[in-house]
Amino acid sequence: MELSGWARYPRFDSTLFAPATKAEVLAIEQKLAHYIARGNGRSYGDAAIGSRASISMLGLNRFGAFDPETHLLTVEAGVLLADVIATYLPKGYFPPVVPGTKFATIGGMIAADVHGKNHYRVGSFGNHVQSLHLALPSGEVVFCSKEENRDLFDATIGGMGLTGTILDATFPLINVPSGWIQEETIVAPNLEAALDLLSNHTEAAYSSAWIDCLSTGKSLGRSLVHLGEHARPIVVEELKPGADLFPQPSVDTLTLPLEFPSFTLNRLSVAAFNALQYRKGALTAGVPLLKGIDTFFCPLDGLIEWNRIYGKRGFIQHQSLIPNEKAPTVLAEILRRFAVRGNASFLASLKKLGPASSGLLSFPSPGYTLSLDLSIDRGLFEFLDEIDALVIKAGGRIYLAKDARQSPQTLVAGYPGLERFRAIRAKVDPDSLLTSRMSERLGL
Amino acid sequence: MAHLPENSPTDPQSLLVIGGTSDIGRACALRFAEAGYTILLAGNDAESLAREADDIKARSGAAVSLHSLDILKTETFTDFIAQLPVLPDIVLTAEECTGDQHKAESDLDYSSMIMRANFESPALLLGLFAEKFTARNSGVLIGVSSVAGDRGCARNYVYGAAKAGLNAFLSGLRNRFGNSEIRVVTVKPGFVRTGPIENVSLPRFLTAEPRQVAQSVYRAAVTHRRDVVYAKSIWCLVSAIIAVIPESLFKRMHL
Ligand SMILES: Cc1cc2nc3c(=O)[nH]c(=O)nc-3n(C[C@H](O)[C@H](O)[C@H](O)COP(=O)(O)OP(=O)(O)OC[C@H]3O[C@@H](n4cnc5c(N)ncnc54)[C@H](O)[C@@H]3O)c2cc1C
Ligand SMILES: NC(=O)c1ccc[n+]([C@@H]2O[C@H](COP(=O)([O-])OP(=O)(O)OC[C@H]3O[C@@H](n4cnc5c(N)ncnc54)[C@H](OP(=O)(O)O)[C@@H]3O)[C@@H](O)[C@H]2O)c1
């Protein structure tokens, strides 16, 4: 069956298995070579496409235990974050880290060591994982934590499925006062102002900036900076009188039947969307707003299957990390180049990242991360290679969970933990039974 | 902190699910657990029962107990009921074996197994509980049946015939308890999206999620008190239309 990531580029044939239990996962893997675990396919590129076979983990969707004393939750690896939120938010609990989609699986969140809008305060999801069970290609199931099998634990967090299949994991939930986020929006007239705002507001529980990536000149990098807090009941009452303190979050995605033809999305429509978003945000700037969990954390989940607006060709998301000192100049240069080239999308987000987790291939480390979507056209890959060179020169890296095209050289230069990762991988998978299209492309 | 589900003291407090590892059975168990019910899960695969019990406990905080039962061993049913820790307030049967129609056409034992799993077994169990409920003068009996029982068709008539038998049994029970506190609910789920990977061949407007089935069952049993429930009301119409097609025409249709 043809598989792709969220960006629908690239696509490859891979036999998809759908085990319903842990025992079935082990039984299937015993017979396979060149396979990889697949969560919900929300990584953008070729990470979750097995060279020959892919194992859908979505059948492993049972919860294992929740301890109200320690707030520790144990779930099978195919459980969707949306399920965790829908189950526990009404009871006053919330995941410590939420990426921009809640339709990721817990296994996928560990394998990509995902970050949220609070990375500068709490780190990545891997920072919170207490332990996990990993099925090695040998068929052995290993318990890994910070205390036990530490090397394997660190290689698995951010390891893109290449150390084995995560079967279950344990992580804590946090207490929240309501199911609402109190949001404040600040207008940043240019990039420098946006970076300043993000670094001056580290007291905020959550922050992120939306960049109008088509603006140029003096307003290059003009942004809306969003700050968020879990709203206290009194704030909910004030801003939305009579509202349910814990509204039931959704678990479903509906599906748009139609694939938009590639030509409906062009530079003009993107520019119009950008301008509209910017004005809408600017209008409400300074006014505290109450937002639902979904609209604050995962606004794109509401635009069901928006990835299809790029048509059959798919698209590329480019997400880079630029260390703090270099950020103002290098981000400005990158934004300038994107603006000049002009095929960037409405989606350009800027987040502040804090200290790295122990994951050897983990993406976040102190600095800023910029991500944008680009429709695939002639010359794009060459153009992005040049952007990558700027990123690497600044001491940054390109996020594997979004990647479909970076070069092996870019990878080596960007990930200092790669050597150790490879050594550990060689130990647990000496015959390279675990391979994805990504691992082949990058020689991971 | 957050609100826990409301449950008035007069409501039934425990639900027994037979076939507790089926997709529909476990969704129902979870729905009732979220409403504060104590759950009893019965089935013959201890490992998968334990997995479902943990899932329900972790999600809802409800108490869940496990009870071993092979639905084809009818001679064990009386003991099975006697050994339950409580006489449940609600009993739901959701075991199944849709089976392979083609195989059933030539394999006598196999055909018999499908009929027993879908008719004999749930009917006997619900009948035994009906006796216990009569003595107590309360309880809800819920049989998960199927629209396949509304009219036999080539694709699955062995399974369908068994479900038709179950439908008749349930309506008979309901008639028997028509003037009492005991209630009988027939569930005809229609197409249900079961299994881990979405079955793309099922038309969306006719297909329910197990969660939706569970919600309809909960409403019918507890809040809205209905006798026969379809998870998607369109099935009520589909069934009505199928029922009025003249046999002379029906026999030539491909269903
Ligand atoms: C709209 C949108 C917004 C996003 N926002 C963010 C964000 O803010 N921050 C961020 O960090 N990421 C973000 N992402 C990326 C996403 O969170 C990650 O790609 C995540 O890994 C997706 O999870 P998945 O279950 O879909 O995994 P998949 O995409 O299916 O797989 C991703 C990787 O995990 C591996 N994997 C999956 N399950 C297992 C398992 N059980 N055992 C071992 N390996 C496994 C796969 O092999 C693959 O390498 C976003 C994605 C989308 C679509
Ligand atoms: N799915 C649909 O589309 C659909 C449509 C209409 C009606 N229904 C009806 O809904 C009900 C549940 O269906 P489902 O699809 O959710 O079922 P399912 O997931 O296929 O599960 C089948 C269940 O039957 C149990 N079972 C089988 N043989 C058994 C035995 N000898 N002893 C004890 N238990 C046994 C299985 O238990 P083990 O795990 O222990 O084997 C399992 O719990 C059935 O009555 C079915 O006819 C389903």
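Everything numeric here is computed off the predicted structure, so don't read it as measured data.
At a 4.5 Å heavy-atom cutoff, the contact between A:Asn61 and chain B is made by backbone and side-chain atoms alike. Both the backbone and the side chain of A:Thr21 come within contact range of chain B, judged by heavy atoms closer than 4.5 Å.
Surrounding CD of B:Glu47 are at most 12 heavy atoms belonging to other residues, nucleotides or ligands under 6.0 Å away. A 6.0 Å sphere centred on CZ of B:Arg226 holds no more than 12 heavy atoms belonging to other residues, nucleotides or ligands.
In this structure, the side chain of A:Lys91 engages the main chain of B:Arg59 through a donor-acceptor pair within 3.5 Å.
Counting only heavy atoms from C-beta outward, the side chains of A:Glu76 and B:Asp55 never approach each other to under 4.5 Å.
When every heavy atom of B:Ala58 is checked against every heavy atom of A:Phe63, the shortest pair comes out as CB-CB, 3.8 Å.
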